[in-house]
2 protein chains.
Amino acid sequence: MASRSDTKTRILDAAEKLFAERGFSETSLRLITSKAEVNLASVNYHFGSKKELIRAVLARYLDVFMPAASTAIKRLHTAPSQASLEEIFSALVDPLLDLNDLRTEGTTIFLQLLGRGYIESQGHLRWFITTHYGQHLDTFVKSVSASAPHIPQAEMFWRLHFTLGTIVFTMASADALNDIAAAEFGEHNDIEAVIRKVIPYMAAGVSVPVASK
Amino acid sequence: MASRSDTKTRILDAAEKLFAERGFSETSLRLITSKAEVNLASVNYHFGSKKELIRAVLARYLDVFMPAASTAIKRLHTAPSQASLEEIFSALVDPLLDLNDLRTEGTTIFLQLLGRGYIESQGHLRWFITTHYGQHLDTFVKSVSASAPHIPQAEMFWRLHFTLGTIVFTMASADALNDIAAAEFGEHNDIEAVIRKVIPYMAAGVSVPVASK
DNA sequence: ATTAATTTAAAACACTCGTTTAAATTAAAC
DNA sequence: GTTTAATTTAAACGAGTGTTTTAAATTAAT
């Protein structure tokens, strides 16, 4: 009786781990189904195709994270004073870390999936995210722009994409970087430590005055 | 008579474009050889394997860029005053742009390849780069560290990788971003303009004081 | 208890992949 | 000009991919 949705969940759980670790195209359905201990054909039965499985894996996180992030940012703006850039970025940390309650290593997996998705796929995931979660993204962009009014709109466009690159690249290779950092400096960082490291970097970059030339 | 090294070059030229556009594992040898108009088996004949072809593609750029970058940075340190972070990053701009003289779109292709290499492969490229060009990387890292002595070594490790992410992601999607910027803000940037935009962002992020907590 | 719908299972399909083989061709050396 | 070496070619190999099919088993509904 539990078998109905159990198979679906087993597939999603196994898939997200492997996708995050090895990337989407490097992870075969056979590897997923053997880890999940389900039949190969059940992926196509429950999800239709590998592409839709990838979207389902991401949606399971985005459906939780995006509303939580929006709420956190809107709550920040109920305060009388203008929120700083660091405050805005930091407001996303709790929604991110709460994903660890959703599933073990949820935060790490989600961020790595996001990074992989943006780098690997040529568009179908980017399209999926912007069309399904565009309003939440708007909330974030407007919030950042308001807190750095000295940055022209066009310049902010570029800097937010620099920021996207910073976070996405870092998360996609977070495991590898952590291994190096551990070997080289004896540092043992969890995902939260890396997030807290990257926030000041991004906030400083986004708000640095434009060169007068 | 020109056929000898011609085939090798045709393969490299076709491969680097495709690798930069679609990634390494997404690019088949059959696609490369058909674009290069050479026989499929000639890849294995001239390079041994796909893995070694990837390394050869990258080496062709690194052999030019790395010494040029090292020289530029060392020249900077002959001046009596300590070079600023922006000066150090800017010193890399010319060696980077000079790659456009090497091959059309050389700068963009090189940066995209670098990013793909760091994200995709689990280690063999990272190993290849650090063992073959480690001295040049050291020159750069030491130079940056000296100009931001308030940043601990381990923290600098992370920030330099944030920086790598910023530049690599930006360059990978520079064409698309430029199109949007042109349509949205009437801006028409070339690759150099984008590089000049990203330098203040990265310099600010790398040198921002570490949170005392 | 019987029927109907859902879910699982095993096998095959139709590709694509990197690599290898062996013959044909071209270039170089003597 | 003949022999030797280097290069190019076409074809096949073996392994891996996502997907589909067909049948069996399980579950739910009548």
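Note that this is a predicted model, so its numbers are computed, not measured. In the text below, chain A, chain B and the rest are named by the order of the sequence lines, each starting its count at 1.
- Straight-line distance from the CZ atom of B/Arg10 to the C1' atom of D/dT9: 15 Å, rounded to whole Å.
- The pair A/Arg159-A/Glu155 counts as a salt bridge, with a side-chain nitrogen and a carboxylate oxygen less than 4.0 angstrom apart.
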- Is there a side-chain contact (heavy atoms from CB on, under 4.5 Å) between B/Ser143 and B/Leu76 once you walk through the steps? CA-CA 10 Å; B/Ser143 173; B/Leu76 205 62; 5.6 Å; no
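- For the OP1/OP2 pair of D/dT8 and a distance below 4.0 Å, the side-chain nitrogens and oxygens of B/His46 include at least one atom meeting the criterion.
- In this structure, B/Tyr201 and A/Phe162 have perpendicular ring planes: the angle between them is above 60°, well past the 30° mark.
- Separating the CG atom of B/Leu53 from the P atom of C/dG18 is a distance of 10 Å, rounded to the nearest angstrom.
- Taking five base pairs at each end of the helix from C/dG18-D/dC13 to C/dC30-D/dG1, the local helix axes there meet at an angle of 20°, rounded to 10°.
- Judged as a side chain to side chain contact (heavy atoms under 4.5 Å, CB included), and not counting sequence neighbours, the contacts of B/Gln112 are B/Ala20, B/Thr108, B/Ala172.
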- Steps toward side-chain contact (heavy atoms from CB on, under 4.5 Å) verdict (B/Val194, A/Trp158): CA-CA 9 Å; B/Val194 178; A/Trp158 284 101; 3.8 Å; yes
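- Residue B/Thr7 has a polar side-chain atom (N or O) positioned under 4.0 Å from OP1 or OP2 of D/dT8.
- Between A/Ser49 and A/Asn44, the shortest heavy-atom distance links the atoms CA-OD1, 3.6 Å.
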- The contact string for nucleotides 13-25 of chain D, one letter per nucleotide 5' to 3', using protein heavy atoms under 4.0 Å with B, S and - for base, sugar-phosphate only and none, comes out as ----BBBB-----
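- In this structure, the ring of A/His161 has its center less than 6.0 angstrom from the ring center of A/Phe157.
- Closest of all the heavy-atom pairs between B/Thr107 and B/Ile195 is CG2-CD1, 4.3 Å.
- Look at CG on B/Asn39: it is 9 Å from P on D/dT8, rounded to the nearest Å.
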